[in-house]
Amino acid sequence: MSDRPGVPEFDPQGPQLVYMAFADHIAARIAAGDLRPGSRLPSERELADEYGIAYMTVRRGTQELRDRGLILTVHGKGTFVADPPQNDASEGTQEGSEN
């Protein structure tokens, strides 16, 4: 999984908790554009097979990604990459705010 530019190697044997290493790897894939907003992620079981980790580890990692706002799960449809947060601070575009 290291053939993706800008995405570090996934290392379940490293010093990090495996679910956090998984979550960080998915987050890096999102940041690198490998997983685009609106794209559907494989099922948790498929991700467990792909990454060679336990299903419950993937479940915990996906919960971490939901907590970070990077993915969202729609019951009956699947898990999708979330749209990036809108950081437009309305720089001088709000009307009537200068009284």
Side-chain angles (χ1 to χ4, degrees):
M1 285 183 225
S2 63
D3 58 339
R4 295 175 178 103
V7 179
E9 180 78 29
F10 173 70
D11 182 14
Q13 303 301 321
Q16 200 174 16
L17 294 170
V18 177
Y19 82 94
M20 289 296 288
F22 166 76
D24 288 346
H25 193 263
I26 295 291
R29 289 178 64 187
I30 292 169
D34 185 35
L35 297 171
R36 299 193 181 280
S39 65
R40 187 175 184 276
L41 293 180
S43 72
E44 290 175 337
R45 292 203 187 278
E46 290 170 331
L47 286 168
D49 288 343
E50 179 183 339
Y51 279 83
I53 58 178
Y55 167 73
M56 292 304 292
T57 302
V58 171
R59 283 189 64 87
R60 187 139 184 220
T62 55
Q63 181 59 53
E64 173 67 23
L65 291 164
R66 275 190 291 278
D67 292 346
R68 294 182 195 181
L70 295 175
I71 64 172
L72 56 99
T73 300
V74 180
H75 184 71
K77 290 199 150 219
T79 300
F80 301 86
V81 176
D83 289 327
Q86 297 298 321
N87 288 336
D88 57 4
S90 303
E91 297 158 13
T93 59
Q94 286 183 346
E95 295 179 22
S97 62
E98 295 194 22
N99 284 342

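Residues take their numbers from the sequence shown, with the count starting at 1.
Atom CD1 of Ile26 sits about 10.5 Å away from atom CG of Leu70, to the nearest 0.5 Å. To the nearest 0.5 Å, atom CD1 of residue Ile71 and atom CG of residue Leu65 are 4.5 Å apart. Once rounded to the nearest 0.5 Å, the distance linking CD1 of Ile30 with OG of Ser39 reads 7.5 Å.
A donor-acceptor pair under 3.5 Å is absent between the side-chain atoms of Arg60 and the main chain of Val18, judged by distance alone.
Under the rule for a side-chain contact (heavy atoms from CB on, under 4.5 Å), the partners of Pro37 that lie at least two apart in sequence or sit in another chain are Asp83, Pro84. Contacts of Gln63 classified as side-chain hydrogen bond (donor to acceptor under 3.5 Å, both in side chains), with partners at least two apart in sequence or in another chain: Arg66, Asp67. With sequence neighbours excluded, no residue satisfies side-chain hydrogen bond (donor to acceptor under 3.5 Å, both in side chains) with Arg45. The side-chain hydrogen bond (donor to acceptor under 3.5 Å, both in side chains) test applied to Glu44 returns Arg59, Thr62, not counting sequence neighbours. For Thr57, there are no side-chain hydrogen bond (donor to acceptor under 3.5 Å, both in side chains) partners at least two apart in sequence or on another chain.
Between Phe80 and Gly38, the shortest heavy-atom contact is CD2-O, 3.5 Å. Summarising the geometry of Glu64 relative to Ala23, their closest heavy-atom pair is CG-CB, 3.9 Å, with the distance given to 0.1 Å.
Counting non-hydrogen atoms of neighbouring residues, nucleotides and ligands closer than 6.0 angstrom, the CE atom of Met56 reaches no more than 12 such neighbours.
Under the 4.5 Å side-chain heavy-atom criterion for Ile, Leu, Val, Met, Phe, Trp and Tyr, Tyr19 and Phe10 are members of distinct hydrophobic clusters.
The list of salt bridge (charged side-chain N to carboxylate O under 4.0 Å, His left out) pairs with a residue in residues 16-28, not counting sequence neighbours, reads Asp24-Arg68.
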| request: For the pair Ile53 and Phe22, evaluate side-chain contact (heavy atoms from CB on, under 4.5 Å) and give the outcome as yes or no after the intermediate values. | output: CA-CA 9 Å; Ile53 58 178; Phe22 166 76; 3.9 Å; yes

